[in-house]
Protein chains: 2
Amino acid sequence: MARRARKKNGDKHRRIIEAAVKVFAKHGFYNSKVSEIARAANVADGTIYLYFQNKDDILIRLFEEEMAAILERVQREVDAESDPAAKLRRFARAHLSLVEENQELAEIIQVEIRQSSKFMKEYKNVPFQQYLNLISGIVKEGQAKGVFRADVEPGVFKRAFFGALDEMSRYWVLSSARKYSVERAAQEIADFFLRGVLARPEGESGPDSAQGQD
Amino acid sequence: MARRARKKNGDKHRRIIEAAVKVFAKHGFYNSKVSEIARAANVADGTIYLYFQNKDDILIRLFEEEMAAILERVQREVDAESDPAAKLRRFARAHLSLVEENQELAEIIQVEIRQSSKFMKEYKNVPFQQYLNLISGIVKEGQAKGVFRADVEPGVFKRAFFGALDEMSRYWVLSSARKYSVERAAQEIADFFLRGVLARPEGESGPDSAQGQD
DNA sequence: GTTACTTGAATGAATCGTCATTCATCATCG
DNA sequence: CGATGATGAATGACGATTCATTCAAGTAAC
């Protein structure tokens with residue numbers, strides 16, 4: 001029964017994290033009171049400090065735990081496809097679906113984490129790097145298979161692609177108006193990129209003639 | 001000499017804004033002290049309250065003033081091109097150049113403004129909307145001219161395109177490593193999109209597909 | 001041109017509220 | 001009984017904002 005302690009720990013730890021998600025999403029990190037998180041989690045103020053070092057720590061841990069789950073899920077979805085182009089579409093769909101399903105969390109990751117990961121210069125934000133690298137991984141694979149153009153810089157692509165999805169999500173999260181469906185948007189965004197990344201969009205002749213002058 | 005007063009006003013207002021840019025960029029809005037801005041601007045703490053309502057107001061006004069200048073400049077650059085595709089490339093280059101030239105400001109706009117524009121639910125952030133609409137404007141123009149595919153949703157495109165540039169900027173601003181040149185990245189990002197947006201990448205067949213509904 | 005008075009910009013020390021965090025105390029369980 | 005987890009009132013720091021006061025420049029009167 002000694003392990004019960006751990007289990008109980010896990011329980012309160014969880015409850016606090018979940019409460020924090022709600023509270024941070026509602027007021028933003030800096031305007032959230034620890035006591036409000038405590039109230040929402042149904043624990044005493046002091047209890048929070050048995051599970052977390054301080055307020056910052058709540059944010060970091062919440063981010064890392066949730067991010068790990070997200071990474072795993074998206075990874076799995078992407079792995080389910082074999083064609084690189086399909087992987088990219090799948091990534092877009094998975095990303096936007098996750099945002100739609102976890103709006104509060106998405107809001108925190110988009111707004112608060114960036115805020116503080118800049119402020120906390122030390123924090124390297126590994127999970128986010130990994131997430132981005134899922135994308136560049138797909139690109140490299142596509143290039144290796146000859147399906148994607150070789151002159152695409154994976155390091156630029158991953159940011160551009162992620163950025164596009166992310167900005168679209170922001171729209172979802174911050175506005176209430178849903179003009180476009182997730183499916184539709186994911187599809188369209190992936191398309192913008194894919195048609196530019198595919199080695200030959202349609203029946204094409206040579207890649208040399210591609211660009212005109214500027 | 002009575003007008004000197006106004007001039008002097010303008011002067012201090014400016015100095016405070018400029019100081020705030022530095023301070024906010026360095027510590028983030030919430031970790032910045034009004035007294036530090038005052039020190040940086042070489043005015044007394046109280047003086048700030050003669051020019052701004054409160055700390056939030058400093059952020060909002062700084063954003064709006066700087067944004068107006070940015071909008072005007074990018075607008076002008078885009079107008080200098082006539083071909084929609086060229087406009088898009090130009091937009092990308094202008095955007096990234098601005099970021100490179102005003103890193104502190106860019107950092108604030110990316111991180112702090114978003115933070116607080118969520119927190120201040122009322123704040124509609126018109127300047128940002130306008131900025132985005134520069135992009136959708138280009139798309140619509142391109143579609144009208146038949147240069148861009150008609151089935152592209154300008155409202156999705158503007159976010160995707162902006163998001164891509166923005167994420168790339170974040171990399172510049174937050175990391176110190178500059179692996180890719182601005183020029184190169186702008187070019188590449190615009191290309192990802194353009195090759196997907198151009199009505200006919202190469203010699204294609206049917207002209208019927210050109211016009212469509214929106 | 002100098003003296004006396006008015007105005008309002010500028011100052012910065014003092015105030016006042018607000019939390020994050022602590023810790024003395026309590027409850028529970030084995 | 002300890003011991004370990006939980007509590008929540010009390011503490012202390014901090015920092016935005018205020019406001020009584022100073023000061024410089026303008027105006028008028030002589």
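Below, chain A is the first sequence line, B the second, and so on; all start at residue 1.
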*Would you call Arg195(B)-Glu188(B) a salt bridge at under 4.0 Å N-O?*
no
_NZ/NE/NH1/NH2 to OD/OE distance under 4.0 Å, Arg170(B) and Glu167(B)_ = yes
Whole angstrom is fine here: how far is it from [atom1] in [X] over to [atom2] in [N]?
X: Phe52(A); N: dA20(C); atom1: CZ; atom2: P; answer: 15 Å
X: Tyr30(B); N: dA20(C); atom1: OH; atom2: P; answer: 13 Å
X: Tyr49(A); N: dG5(D); atom1: OH; atom2: P; answer: 19 Å
X: Glu36(B); N: dC14(D); atom1: CD; atom2: P; answer: 15 Å
X: Asn54(A); N: dA13(D); atom1: CG; atom2: C1'; answer: 16 Å
X: Ile58(B); N: dT17(D); atom1: CD1; atom2: C1'; answer: 11 Å
X: Asp56(A); N: dA20(C); atom1: CG; atom2: C1'; answer: 11 Å
X: Asp11(B); N: dA9(C); atom1: CG; atom2: P; answer: 15 Å

*Does a side-chain N or O from Tyr51(A) land closer than 4.0 Å to OP1 or OP2 of dA6(D), or not?*
yes
*asked:* Can you confirm whether Gln53(B) is buried at CD, in the sense that more than 12 heavy atoms of other residues, nucleotides or ligands lie under 6.0 Å from that atom?
replied: no
*Distance-only, no hydrogens or angles: does the Lys55(B) side chain make a donor-acceptor pair with backbone N or O of Ser32(B) under 3.5 Å?*
yes
Output a table of nitrogen or oxygen pairs between the protein and nucleotides 7-11 of chain D separated by less than 3.5 Å.
residue : atom : partner  : partner atom : Å
dT7(D)  : OP2  : Ala44(A) : N            : 3.0
dT7(D)  : OP2  : Thr47(A) : OG1          : 2.3
dG8(D)  : N7   : Gly46(A) : N            : 3.1

*Counting heavy atoms from C-beta on, name the nucleotide in dT22(C), dG15(D), dC19(C) closest to the side chain of Lys33(A).*
dC19(C)
*Run the numbers on Lys140(B) and Phe148(B) for side-chain contact (heavy atoms from CB on, under 4.5 Å), then give the verdict.*
CA-CA 8 Å; Lys140(B) 286 174 187 164; Phe148(B) 290 167; over 6 Å; no
*Can you sort out the partners of Arg90(B) under salt bridge (Lys or Arg N to Asp or Glu O under 4.0 Å), two or more places apart, ordered by chain and number?*
Glu77(B), Glu81(B)
